[in-house]
K.L.:
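Starting off with a structure, shown below.
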Amino acid sequence: MPSSHGGSHWFEPSSAHHQSFDWGAAGAPATQMASQTSIRERVTAHVERALAALAKDGLVTGALPAVELVPPKSAAHGDYATPIALALAKSAKKKPRDIAEALKRALGDAGGLLEKIEVAGPGFLNLFVAKAAWLEALAHVLQAGETFVRSDHGKRERVLVEFVSANPTGPLHIAHGRGAVTGDVIAGLLDAAGYDVSREYYINDLGNQTDIMARSIHLRYAELFGRAFAPPEDFYPGDYIIDVARELKTEHGDRFLDQPEAAWLTLFRDRGIDAMLRRIRADLDAFGVRFDRWTSEKELVARVGLDGLVERLEAGGHVFTEDGKKWFRSTAFGDDKDRVVVREDSRPTYFATDIAYHDDKMRRGFKRLVNVWGADHGGYVARVRAGMQALGHDPAALKVVLVQMVSLSRGGESVRMGKRLGTAVWLDEVVREAGRDATRYFFVMRRSDAQLDFDIELATKKSLDNPVYYAQMGHARMCSIARRAAAQGIPAPTLAPGALDALALPEELQMVKTLVRAPEVVAAAADLCEPHLIVHYVQDLIGQFHSYYTLYKNSEKVISDDPQKTRARLLLCQALRLALAALLGILGVEAPEQMAAADADAADA
RNA sequence: GCGCGAUUAGCUCAGAUGGAUAGAGCGUCGGCCUCCGGAGCCGAAGGCCGCAGGUUCGAAUCCUGCAUCGCGCGCCA
C-alpha cells in the first residue's frame, strides 16, 4: 500500500479534500434554476458577491478564497456562519472584525434572503435566513414530491458500482450482507444525486476456489456411496455441498465414482457454481439487492482475451520476465512489490484478470468506478490502481470502499463465529430472524470502515430503542395524522400562497431547516460513498418530529380548530413524510403507513 | 517486521471535508400518563477527543513519533 511519504499520490488521494470524489457541481454557479437552488447556495452566492464588491473597492486584495458556509453548532450563531473574514485578515492586513463589518454592510439583506447578520467572536459572520425563505423552500419540497431529495449534482456521469462479488462456492454470510447493502445504498445514493449508475456483480468462476469446491462435492458424492470420508485441508464443509452431491448422484448414479478428476471436474464445478449462484441470487433477492449485470470472469476472459492485455502492458514497458514468469512492474506505480501476471505454465494469475476486468469497466464507458470490498482486500487497492494506470486510465477514477467485519450479538452477548469453525452466520438466517428492513438499516448505520456490532435482539425489538422501528414509526405516525384529518372531513391541504405562514413554532421552523437540506445530504453521502450519513440524518429528522409531536400534543396539535394552522401543519407533515419515504427508499427499507400489529405478523407467516 | 484501519461520555457511535461552549442513542438519576399511536417526551449528571510533540489566528480533524486493538502482507479468489 502506498505510504504517506511521497511518490504514492497517484494511488491514494493525497490531500484531505481528495479523500472523496469531487464529482463535479462544486464549482457550478448557483444562479440558474432559482427555484431549485438551495438556500445554502443562494447565501453563498450573496456572500461571494459581497466579497467581490469589497475587492473592487480595494478593501481586500489578492486572490479571493472560496466562501465556506459552516453550520454553526449553536442556533444563536445563525443558520450559517462564515469564517471568511478570519481567512482574509492576514493578506488584507486588516482586523478580521473590520472585514466582517464591511462584508455585513455589502451584504445588506441579500435581496430579502437574510433577516439578520451579526459579526461575532474573532470575526465570524453569522447569517440568519429569513423565515419566508425557509417556507418558500418548504413549498418547493411539496411541489417536487418524493423526487425532491434528488438532484442533478452528478450530471449523469456514468458510475459503475461493483459489490458483493462473493465467490460462487457457498452461500452469502453476514459480512457479504453488509457489503451488499453498502453497495446497494451507495448505488441508490449516486442515482439520487444525479449519476448514471450501474450495479454489477463479478463472478469469480475461474480458478482454484471453484476447483476446490468441485473436489469437495466429489468427496461428498463418494461418501454418499459409502466411501470413507476424509476431508483434506482445502475443503468446503457446508451442507450445501452435500445437496449438490446428492443431485449429481440422482442424475448420474455412480458414473463418476473412482474416476480420475478429468472425468468429472468440469461438470462438478459447473454444477456447483450454478447451484451456488442460484442460492446467492435468491438470498440477494430476499434482501432487496438487485444487479444490472452479472459479469462472469470466465466470459470476460473469453471476450477480452488476456494475451492482448499482457501485450498492452508489455508495449508500455511495464512487464519483465523472471524465473519464467511475467511480472507486472507495479512498484513503478507505488505498489509494495511487483506482481506476477503470467505463471511459468503460462496460466494468467487472478491479478491479470482483475486488471482486465477494471480495464473493461473503463472501456465500457464508465467515468468512475466504485468497488465495495471486504476490508481483507485492502491490500489489493494499490495494485489494481497500478494496473489501471499502466493501461492509461486515471487511477483516481477508482474508489474502493472497504467494509469492515460484522460481529453478531444478542443483547450484548457476542455470538462466536468463524468460517473455519463452520460456524459462519449465513445472511439468509439473519434476514429471516431480524427481517430485511432491520438488517439493512443496521448494516449501514455505521461507517463502512468501522467494525459493526449487530445486536440481533435490538434489531428485532418492537420498540423505539430500535432505530429502524423509531424511523418507521415516525412515518406511520405521520400517515396516521393524515388519515385522522381525512376521517374528520378536513380537506386535503393545498399549497396556496401563504398556506405555510402559520408555521411559527421554533420546532416547526427547525424541522423545515433540517428537511430542506435533504438533497445536499444525499449528494454528500453519494460523493463520499458513506451511507451512514443518511441513517444519521433520518434519525435526526424523525427525532425532531417525535419530539415535536409529544411536546405539543396537549397544546398545539397538528389538527386543531384553527384551519390555517391545521393546513400548514398537515403540509409540513406531508413534506416530512415525503422526505422520509424517499430516504428510506434509498436505504431499501420500507416506509409503512401503519405499524403492523403483532398478530398481523403471525397471520402473514 | 511492513502496510491499512481504528482509538471521542459507563456502552454503541456521530462529528458535513481546520472554526466559536465536542454531539446523539442506549444505560443511570429526576420529572411529565385520560392518547392526531405513552411502542413516548422533557431535563440532569457524565469528556486531558489513546499519549507526546509539531503546523497557525484556531486542531477531535492536518504532520511526526509512540502505545493498544483489528485486518492484511500467495504465482488463492
Side-chain angles (χ1 to χ4, degrees), chain A residues 1-4 12 15-20 68 70-74 76-77 81-83 86-87 89-90 96 120-124 126 165-167 169 204 206-210 212 234 297 323 325 327 336-337 339-345 347-351 353-354 374-382 402 404-405 412 445-447 449-453 455 458 461-467 469-470 473 476-478 480-485 487-488 517 520-521 524-525 528 530 532-533 535-537 539-540 543 546-551 553-554 557-560 569 573 594-595:
Chain A
M1 289 301 290
S3 56
S4 52
E12 280 301 333
S15 54
H17 68 280
H18 280 131
Q19 282 302 313
S20 65
E68 259 182 281
V70 191
K73 283 167 193 156
S74 157
H77 295 154
T82 178
L86 293 165
K90 198 170 228 176
F124 286 99
N126 292 338
S165 300
N167 285 341
T169 53
N204 295 117
L206 221 52
N208 266 340
Q209 299 304 317
T210 50
I212 292 169
D234 284 329
E297 180 184 4
D323 305 330
K325 303 146 197 163
W327 298 71
D336 292 355
K337 41 179 113 165
R339 311 286 172 178
V340 173
V341 283
V342 182
R343 289 175 267 226
E344 241 169 323
D345 58 9
R347 281 159 55 232
T349 60
Y350 158 76
F351 176 52
T353 58
D354 219 29
D376 54 343
H377 285 61
Y380 295 91
V381 178
L402 296 176
Q404 282 286 351
M405 347 176 71
M445 219 161 38
R446 307 293 178 217
R447 306 167 48 102
D449 57 13
Q451 293 186 24
L452 174 75
D453 177 50
D455 186 339
L458 177 61
K461 245 167 129 177
K462 299 262 182 280
S463 81
L464 298 180
D465 316 345
N466 180 350
Y469 199 87
Y470 189 73
M473 168 69 176
R477 183 171 263 177
M478 291 170 199
S480 163
I481 292 172
R483 279 194 302 271
R484 162 76 56 139
Q488 292 186 9
R517 249 178 56 218
E520 291 172 44
V521 176
L528 295 164
E530 292 193 1
H532 80 280
L533 293 175
V535 176
H536 283 272
Y537 175 75
Q539 291 292 316
D540 179 20
H546 283 308
S547 179
Y548 164 75
Y549 173 90
T550 309
L551 192 60
K553 66 190 308 176
N554 295 320
K557 294 210 245 186
V558 172
I559 300 170
S560 69
R569 287 171 183 163
C573 288
Q594 52 191 7
M595 299 309 279

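Numbers restart at 1 for each chain; the letters A, B, ... are given by sequence-line order, proteins then strands. Remember, predicted model here, so these are calculated numbers, not experimental data.
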K.L.:
When you compare B/G53 with B/G27, how far apart are their P atoms, in angstrom units rounded to a whole number?
P.N.:
39 Å
K.L.:
Between B/G25 atom P and A/Y469 atom OH, what is the distance in whole Å?
P.N.:
19 Å
K.L.:
May I have the distance from A/H546 (atom NE2) to B/C41 (atom C1'), rounded to whole angstrom?
P.N.:
11 Å
K.L.:
Using atom CZ of A/R477 as one end and atom P of B/G37 as the other, report the distance to the nearest whole Å.
P.N.:
8 Å
K.L.:
What about A/Y470: does its side chain form a donor-acceptor pair under 3.5 Å with the base of B/A39?
P.N.:
no
K.L.:
Going by side chain to side chain donor-acceptor pair (under 3.5 Å), name the residues that satisfy it together with A/R477, two or more places apart in sequence or in a different chain.
P.N.:
A/H546
K.L.:
Starting at atom CD1 of A/I481, determine the distance to atom P of B/C35, rounded to an integer number of angstrom.
P.N.:
15 Å
K.L.:
Please give the distance between the C1' atoms of B/U55 and B/U61 as a whole number of Å.
P.N.:
13 Å
K.L.:
Would you please name every residue forming a side chain to side chain contact (heavy atoms under 4.5 Å, CB included) with A/I212, sequence neighbours left out?
P.N.:
A/Q209, A/R215, A/S216, A/D234, A/Y236
K.L.:
The criterion is side chain to side chain contact (heavy atoms under 4.5 Å, CB included); which residues satisfy it with A/A166, sequence neighbours excluded?
P.N.:
A/V164, A/L172, A/H176, A/Y201
K.L.:
Given B/C36, B/G74, B/C41, identify the nucleotide with an atom nearest to the side chain of A/K337.
P.N.:
B/G74
K.L.:
Applying side chain to side chain contact (heavy atoms under 4.5 Å, CB included), run through A/R483 and A/Q594 and close with a yes or a no.
P.N.:
CA-CA 10 Å; A/R483 279 194 302 271; A/Q594 52 191 7; 3.6 Å; yes
K.L.:
How far, in whole Å, is B/U21 from B/G70 if one measures between their C1' atoms?
P.N.:
35 Å
K.L.:
Once you round it to whole Å, what is the distance between C1' of B/G37 and CE of A/M478?
P.N.:
13 Å
K.L.:
Could you give the distance separating B/U34 and B/G40 at their C1' atoms, to the nearest angstrom?
P.N.:
15 Å
K.L.:
Apply side chain to side chain donor-acceptor pair (under 3.5 Å) to A/S560 and list each qualifying residue two or more places apart in sequence or on a separate chain.
P.N.:
A/T566
K.L.:
Closer than 3.5 angstrom, by distance alone: can the side chain of A/T82 be matched with the main-chain N or O of A/E68 as a donor-acceptor pair?
P.N.:
yes
K.L.:
Under 4.0 Å from OP1 or OP2 of B/G37: is there any side-chain N or O of A/S480 that close?
P.N.:
yes
K.L.:
For side chain to side chain contact (heavy atoms under 4.5 Å, CB included), just list the numbers for A/I481 and A/I559, CA-CA rounded to whole Å, side-chain angles, deciding distance to a tenth of an Å, and then say yes or no.
P.N.:
CA-CA 8 Å; A/I481 292 172; A/I559 300 170; 4.2 Å; yes
K.L.:
Return yes if some donor-acceptor pair links the side-chain N/O of A/N126 with the main-chain N/O of A/A81 below 3.5 Å, else return no.
P.N.:
no
K.L.:
Hey, does A/K461 reach any base, or is it just sugar-phosphate, or nothing, if we go heavy atoms under 4.0 Å?
P.N.:
nothing
K.L.:
For A/D376, what residues pass the salt bridge (Lys or Arg N to Asp or Glu O under 4.0 Å) criterion, not counting sequence neighbours?
P.N.:
none
K.L.:
When all nucleic acid strands are considered with a 4.0 Å heavy-atom cut-off, which category describes A/L206: base, sugar-phosphate, or nothing?
P.N.:
sugar-phosphate
K.L.:
Taking syn as a glycosidic torsion within 90° of 0 and anything else as anti, which one is B/U64?
P.N.:
anti
K.L.:
Residues two or more places apart in sequence or in another chain: which of them pass side chain to side chain donor-acceptor pair (under 3.5 Å) with A/D323?
P.N.:
none
K.L.:
On a whole-Å scale, what distance lies between the C1' atoms belonging to B/G5 and B/G47?
P.N.:
24 Å
K.L.:
Please report the distance, rounded to the nearest Å, between NZ in A/K553 and P in B/C35.
P.N.:
8 Å
K.L.:
Within the 4.0 Å heavy-atom criterion, would you say A/E297 contacts the bases, only the backbone, or no part of the nucleic acid?
P.N.:
sugar-phosphate
K.L.:
Which atoms of nucleotides 19-24 of chain B (N or O only) lie under 3.5 Å from a protein N or O atom, and what are those distances?
P.N.:
from  : atom 1 : to     : atom 2 : distance (Å)
B/A20 : OP1    : A/K73  : NZ     : 2.8
B/A20 : OP2    : A/K73  : NZ     : 2.5
B/A20 : N6     : A/N126 : OD1    : 2.2
B/A20 : N1     : A/N126 : OD1    : 3.2
B/A20 : N1     : A/N126 : ND2    : 3.1

K.L.:
If you compare every side-chain N and O of A/S547 against the phosphate oxygens of B/C42 (OP1, OP2), does one of them come in below 4.0 Å?
P.N.:
yes
K.L.:
OP1, OP2 of B/A39 versus side-chain N and O of A/K462: anything below 4.0 Å?
P.N.:
no
K.L.:
As a test of reading the structure: which of B/G38, B/U17, B/G40 is closest to the side chain of A/L528, going by heavy atoms?
P.N.:
B/U17
K.L.:
For A/K557, give me all partners under salt bridge (Lys or Arg N to Asp or Glu O under 4.0 Å), at least two apart in sequence or on another chain.
P.N.:
none
K.L.:
Stem list for RNA chain B, please, built from Watson-Crick and G-U wobble pairs under 3.5 Å and keeping only runs of at least 3.
P.N.:
B:1-7 with B:67-73, B:10-13 with B:23-26, B:28-32 with B:40-44, B:50-54 with B:62-66
K.L.:
In whole Å, measure the gap between the P atoms of B/G30 and B/G23 for me.
P.N.:
26 Å
K.L.:
Rounded to whole angstrom, note down the P distance from B/A24 over to B/A14.
P.N.:
16 Å
K.L.:
Return the value, rounded to whole Å, for the distance between atom CG of A/L551 and atom P of B/G40.
P.N.:
17 Å
K.L.:
Using atom P of each nucleotide, how far apart are B/C2 and B/G46 to the nearest Å?
P.N.:
42 Å
K.L.:
How would you list, by chain and number, every residue that makes a side chain to side chain contact (heavy atoms under 4.5 Å, CB included) with A/A524, sequence neighbours excluded?
P.N.:
none
K.L.:
Base contacts versus sugar-phosphate-only contacts with protein, heavy atoms under 4.0 Å: please encode nucleotides 5-15 of chain B as B, S and - from 5' to 3'.
P.N.:
S------SSSS
K.L.:
Please identify each residue that fulfils side chain to side chain donor-acceptor pair (under 3.5 Å) with A/R484, with sequence neighbours left out.
P.N.:
none
K.L.:
Closest nucleotide of RNA chain B for A/L402 versus for A/T550: which of these residues is on the 5' side?
P.N.:
A/L402
K.L.:
Under 4.0 Å between a side-chain N or O of A/Y537 and OP1 or OP2 of B/A16?
P.N.:
no
K.L.:
Answer whether the closest heavy-atom distance between the side chains of A/Y469 and A/K461 falls below 4.5 Å.
P.N.:
no
K.L.:
Taking for each residue the nucleotide of RNA chain B bearing the nearest heavy atom, is the 5' side occupied by A/R484 or by A/A524?
P.N.:
A/A524
K.L.:
Between B/G74 atom P and A/D376 atom CG, what is the distance in whole Å?
P.N.:
13 Å
